[in-house]
Each structure stands twice: as structure tokens, then as C-alpha cells.
Amino acid sequence: MMPHRIIEGRLRRAVQTILPAADTTTVLVRPCPDPAFGDYQTNAVMGLAKAHKLNPRKLAAEVAAKLDAGDLCAKVEIAGPGFMNFRLRPEAVEASLRSAARGEHLFFEKSDPPRTVVVDFSSPNVAKPMHVGHIRSTILGDTLSRTLRLLGHNVITDNHLGDWGTQFGMLLAGWKTILHRDALAADPLSEMERIYKSISARCDREKPDFDPALRERARAELVSLQSGQEENLAIWREMIRLSQAQFDTIYARLGVRFDHTLGESFYNPRLGQTVEDLLQRGLATESRGAKAIFSDHSLPPQQDPFLVQRGGEWMANPLIIQKTDGAYNYATTDLATLEHRTQIWNADEIIYVTDGRQQLHFHQLFAVFHRWHPESRTRLAHVWFGSILGEDGRPFKTRSGETIRLADLLDEAEERALRVVSEKSPDLPEAQRREIARVVGIGAVKYADLLPNRQSDYVFSWDKLLSLSGNTAPYLQYAYARIRSIFRKGEIAEPGCRGPETEVSPGAPAEMALAKHLLNFGLLLEAVATEYRPNFLCGYLYDLSGLFTRFYEQCPVLKSEPAVRQSRLVLCDLTGQVLKRGLSLLGIEVLDQM
RNA sequence: GCGCCCGUAGCUCAGUUGGAUAGAGCAUCUGCCUUCUAAGCAGAGGGUCCUGGGUUCGAAUCCCAGCGGGCGCGCCA
């Protein structure tokens, strides 16, 4: 068990002996913001003192007197208005490093009990090329899934493809009237995108080329598809097949995998009974020819997702589950999907990773689900991220008004990385340089995507996504490669320093600072999982790499006397393991040489 | 109009129950490669945390008002 955890547990008991009625869940032990104060601190005592109208410093002193942590901390300091600062004894740090070196843990613990967590992310649309707008959901969802899985949860990843809906009417009309077979064979996604754009422009009343007959044709094709007409089904399946091939290529490059790909069409057979059930239970009602769910007025109007104010009056803002023409929409599908995930997969938690513009939809969806299945204890989370903007701060478009394809972005990333590798390591064989460029390039894109707070709007910038210096993936990969280089130069297999007899004793300040940071790996992983914020992990790994680099500059490893050398090798090995594991959670690979 | 989010160094952004002297990258400037990889390290400069009130031992963080920006608001997803 990590020292900070033990301190936290004992601290809570100490608080409880003094204030038996206090809620000790707020008593948390966190790393100090400045090592000058200590290694860990709690500021919860100040809050408790306020709640119980006590003198905070006096309470802290009483808690400190009751606290038995002498085995881990030399002494407990009370600072300022009532901070409690803990400084770990070197022996406590060493014990943790030794047990990690023996392979007993890697500075984190499995969650108990594990939960079943469904993660819904990526969800591209069939017949459209994946573009930069898809990276955030894909990379965020993948990282959260990996982190939850590492922490022991039963994670189910599901790619909820947009493979059903209005767009197929236009795609079918286009496929039958303006499709170029050669173009389709050469580049299926571009051709499907072309026919879609062409038809949809002519189905738009606002556009100059509006063609009412074509619009009717598209609607008829859609009805025909949805009623199971064989020719249209065959074309639809072909469009999915071609699209999935593209998705698979991109996901393979990104190293992203899904347990399931249950697109919207999977739920199609269940939509009728979903609406029927909601009507029977009185949750849904008919309105202007559509079936919709209205407010139950259980919330104040300002917080009610089914109300909206217009012209100074609160108006109904219902969730429509069946359109006037009888067709179902994404709300219907999402409700059917929720039922499947809770009832078939027994999800304890479902995480949706989408952009922030869908917040209202998910508020409505979750509210409806809780009214529909009040017995359900599934936790529903909308993990949203900011919009993509151009460098001018306007909604993102290229100069020609197009989006940037994900495949092109990844190509560019690898090309830029190859130029740098070839410059830095011209002696390596080309195949190896290309492999390094792949790992570095893809890693840089992912890291740049995960580094900012997900809720910030996302200003798209080639230079930012493809930068290879400073706080970027290559910096972390470089630290790892240097560690591997030490083992290579010393002709040491790392398992040699992982044995039961391993001794490790960080002496220099740079060694101790690095060692103490390793101990906080688990703390960070839990924060990532509970806050759904991978950027915390980026920050942690960046700090770890910086601490390692300072250690590397100040503390020779191979040239040190045997005992010091052995200890430093252990520290290098553990740092390498945490870096590799941490980067793997971000979906970023490491290299032995770069 | 109403709701959500945002406003922090020249630029791009962090900032973990409110917590200690607000941090990083890029850019600028000064040093450091015959020593385990310089994609690096050490150091410097750079701030009315949008503005004004309030809450309290303590506010970038919470509350109120205002200014500026992005997004959303019945049959698209």
C-alpha cells in the first residue's frame, strides 16, 4: 500500500477519535505543491475546525498527537493556519521502491470492487472520411478505457457508428444516380462523400440547386431501406463495409480497439417497442403528430432540460422520440442503447465521450432514462470536450472550407518526425528511422490532443499537434530511450535489478525527488479515472520525465561505485516502467532508441 | 431572450475537496556536447489571473453584477 494511503487512513482514525461525528471522507492526503513544505499535506483539518467552530491550529495539534505515523514520517508539521505537512522517511520511500522492484506493484492499486464500465467513443459516420474532429473522442475514450482497465475495472468499449438514419436516403439516391465506379474503387470514402455532398446540396431548400423531386427520391429511398427492401439493404451493407475498412486502417494506426461495434442500426429492431413502452408508461405523449417526452417539473425551470425560455416565457423543449412521419431519431436509438447496456451488459457506469454541443441532449437522455428505469443504479456520465476552432478562433475549416482528414494528419505527423529523426540520427538504417518516425509522430499527435483540459475549446494547429520539442510526447519517449540506452551501454538486462535481493537507496536530492514522484503514480491514475481527465496523466509523466532528466544530468549511473550504481539502476528501471506504462495508457508507444 | 462553457505571461495553455510565493511549453536573451543520446540541461526577462462588488483565516477557483468570445435551444446527430 502506498504511504500516502496509509497516512490518510490513520489520519482519518485520528480525526475520528477527536471528532466522532465528523465526516472523514473529506480528509485527503495530497502531494505538497512545494517540496519545501513536505511530501504530503492535508488541509482538511482547517475545514473540520471551521465546521465544528474550533481553533484550526489547535485541532491540527490534537490530531497530530493522536496520529501514529512515526514509521513513515519523521515528524508532522503544522504550518500556517492549520496545514498538516508530512515528510516521508527515506526508509519508507525505499521500502516502496523495493517492493516495486520485486514486482509486487507499480505504485498503484486495483480498485475494489471493480465496476463494469461501458465507454462509448469515436462513433464516426458511415460513408464519411474520418477527420480531425474525430481524434478527440477517439483518443480521450481510448485513454479513459485503458486507465479504467488498468485499475481493474471490467471495461467494455463500444463504437456506436452512425450507420443508420436520414443521410442514407441521400446516399442511396446518389449511389444510384451519380456514382462513379472507378472513383469508388480508387477511394471509396471520397466518392461516397462526393455523392452525399452533391445530393444533400440539391435537397436543401436554401441552396440554389434545390431539386424537390430529388428530395422526394431521397426520402423514398430511405423509407425503402428502412422497410427492408433488398437492393437498398445490399447497397447500405456495401457502404458500411467500405467505411469499416477505412475505420480499421485508422484505428490500427492509432492502436485503438473496440470490444463491440454496435452501430445505430443494431438497435433498429428495438425502436418500436421502446417508443411503445414509453407511451404505455405515460412518459411519452403525442405532440404535433410526433411522440415526445416533456418535463415532469421536478426541477426548477432553469435547471430543467425540458424547458427553454423564449420571449420571457418558459416553453416546452421536449425530447422527440418519434417524428411526425413515423421515423425514429437518435434519441430513440440512444434510449434503446441505454437499455441494452444496462440490461444485457449490466453496466455500473456508462461513459459517453462526445463534444460539448451535445450536453443538452445527454441531460435530456439521462433524465428520461432515470424516469423510465427509476430502479437503475447505473451511473451515466457525459464526458464532453470543447469545439474545434481554426487558428483565427472561428469554427474550424481549412481555407477551402474542407475539414482535414485524420489520415492526412497522421501522414504529416510521420513525415515531420522522419525529417527530425533523419537529422538527429542519420546513421540509423532507414527502416528503423521510419519506425521511430511512426512512433514519435503518432505519439506527438495524441499527446498534443490529450494535454489540454478537455473542456477547453480546441484551436487546431498543425504546429501544435506536430511539435516535437518541449512538453510533447517525444520528450517523454526520449527520457525512456535514455533509460534504455543506459542498460544497453552497461550490457545489463533490466530483470537483473528486479530480484528479491534488490537494494535501492536514493541518496542525492535528484534521486529522492524522482523516487518520491514515482510513488504518486497511482494517485494520478485515480484522479484520471474519477475526473475523466487524461491531461492529469500528461502532466504527471512530463514531471516524471523532467525529474528523471535532472537526475540523469546530475547522477552518473554506470560510472558510479557498485552499490550506488545498483541503486540507480533500480531507479532507472522503475522510472522506465512507469513511463512505459503511463504512456501506454495514453496509447503512446516507447522506443529503445531514437 | 434563456442555458452551458470560456477569459491566466507576447502566443498556446496547465492550475487536483477554496490553501501556502500563480506554473509549463513556444518565442526572446545568457551559458552548457572529448563524460550513460543536446528531441536535452542550467539560468534571465515577461502577470491589473477580463472588470467591479461579496463570502472568509485564505479566492484564478465559490456567489452576485457587468464586459468580451464560443456553443446550444421540437421532429439532424
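Each chain gets a letter, A, B and so on, in the order its sequence line appears, and its residues count up from 1. The structure displayed is predicted, hence computed values, not measured ones.
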(message) Closest approach to the side chain of A:Gln41, judged atom by atom: which nucleotide of B:C76, B:G15, B:G19 is it?
(response) B:G19
(request) Please confirm whether any donor atom in the side chain of A:Asp334 sits under 3.5 Å from an acceptor in the base of B:A77, or the reverse. (result) no
(request) Determine the contact category for A:Thr26: base if any of its heavy atoms lies under 4.0 Å from a base atom, sugar-phosphate if only primed atoms, P, OP1 or OP2 are that close, otherwise nothing. (result) base
(message) Can you tell me which nucleotide in B:G74, B:U17, B:A38 comes closest to the side chain of A:Tyr552?
(response) B:A38
(request) Examine B:C36: is either OP1 or OP2 under 4.0 Å from a nitrogen or oxygen in the side chain of A:Lys559? Give yes or no. (result) no
(request) Tell me whether the centres of the aromatic rings in A:Tyr475 and A:Tyr478 are closer together than 6.0 Å. (result) no
(message) Nearest to the side chain of A:Lys50, heavy atoms from C-beta on, is which of B:C75, B:A42, B:G58?
(response) B:G58
(message) Checking side-chain polar atoms at under 3.5 Å, does A:Thr332 have a donor or acceptor matched by the opposite partner on A:Asn329?
(response) yes
(request) Classify the nucleic acid contact of A:Met594 as base, sugar-phosphate or nothing, counting any heavy atom under 4.0 Å across all strands shown. (result) base
(message) Expressed as a whole number of angstroms, how long is the span from A:Asn317:CG to B:G1:P?
(response) 18 Å
(request) For the side chain of A:Arg310, starting at C-beta, report the closest nucleotide among B:A39, B:G74, B:C36. (result) B:G74
(request) Using atom CZ of A:Arg482 as one end and atom P of B:U37 as the other, report the distance to the nearest whole Å. (result) 8 Å
(request) May I ask you to establish whether A:Arg482 and A:Tyr552 are in a cation-pi arrangement, using a distance under 6.0 Å from NZ or CZ to the six-membered ring centre and at most 45° from the ring axis? (result) yes
(message) By the 4.0 Å heavy-atom rule, please label A:Glu264 as base, sugar-phosphate, or nothing.
(response) sugar-phosphate
(request) Pull up the glycosidic torsion of B:C67 and say syn or anti, syn being anything within 90° of 0. (result) anti
(request) Would you mind reading off the distance between A:Ile436 atom CD1 and B:U37 atom P, rounded to a whole angstrom? (result) 14 Å
(request) Round to the nearest Å and state the distance from A:Asn43 atom CG to B:G18 atom P. (result) 9 Å
(message) Using the side-chain heavy atoms of A:Tyr478, tell me which of these nucleotides is nearest: B:A39, B:U35, B:G1.
(response) B:A39
(message) Rounded to whole Å, how long is the line connecting atom OH of A:Tyr330 with atom C1' of B:A77?
(response) 6 Å
(message) Side chain of A:Glu553, heavy atoms from C-beta onward: which of B:C41, B:C73, B:C76 has the nearest atom to it?
(response) B:C41
(request) Take the angle between the ring planes of A:Tyr540 and A:His517 and call it parallel below 30°, perpendicular above 60°, tilted in between. (result) parallel
(message) Nearest 0.5 angstrom please: A:Phe168 CZ to A:Asp163 CG, how far?
(response) 6.0 Å
(message) I'd like to know if A:Ser456 reaches the base of B:C13 with its side chain, counting only an N/O donor and acceptor under 3.5 Å.
(response) no
(message) Less than 6.0 angstrom from the centroid, inside 45 degrees of the normal: does A:Lys128 satisfy that with respect to the ring of A:Tyr196?
(response) yes
(message) Please compare A:Val308 and A:Pro556 by the position of their nearest nucleotide in RNA chain B and report the one closer to 5'.
(response) A:Pro556
(request) Mind calculating the distance between OH (A:Tyr542) and P (B:A39) to the nearest angstrom? (result) 15 Å
(message) Would you say A:Lys323 places a side-chain N or O within less than 4.0 Å of OP1 or OP2 belonging to B:C76?
(response) yes
(request) Could you tell me the separation between the CZ atom of A:Phe306 and the C1' atom of B:C75, rounded to a whole number of Å? (result) 15 Å
(message) As a test of reading the structure: which of B:C75, B:U37, B:C73 is closest to the side chain of A:Ala481, going by heavy atoms?
(response) B:U37
(message) Side chain of A:Ser485 only, heavy atoms from C-beta on: which candidate in B:G74, B:U37, B:G25 is closest?
(response) B:U37
(message) When you compare the ring of A:Tyr475 with the six-membered ring of B:G40's base, are the centres less than 5.5 Å apart and the planes under 30° from each other?
(response) no
(request) Assign each of A:Asn471 and A:Asp457 to its nearest nucleotide of RNA chain B by heavy atoms, then name whichever residue's nucleotide is nearer the 5' end. (result) A:Asn471
(message) Quick check for you: among B:A20, B:A39, B:G74, whose closest atom lies nearest to any side-chain atom of A:Ser469?
(response) B:A39
(request) Please check if the side chain of A:Ser567 supplies one atom and the backbone of A:Ala563 the other of a donor-acceptor pair under 3.5 Å. (result) no
(request) Starting at atom CZ of A:Arg454, determine the distance to atom P of B:G15, rounded to an integer number of angstrom. (result) 11 Å
(request) Compare the minimum distances between each of B:G15, B:A42, B:C2 and the side chain of A:Arg550, then state the nucleotide with the smallest one. (result) B:A42
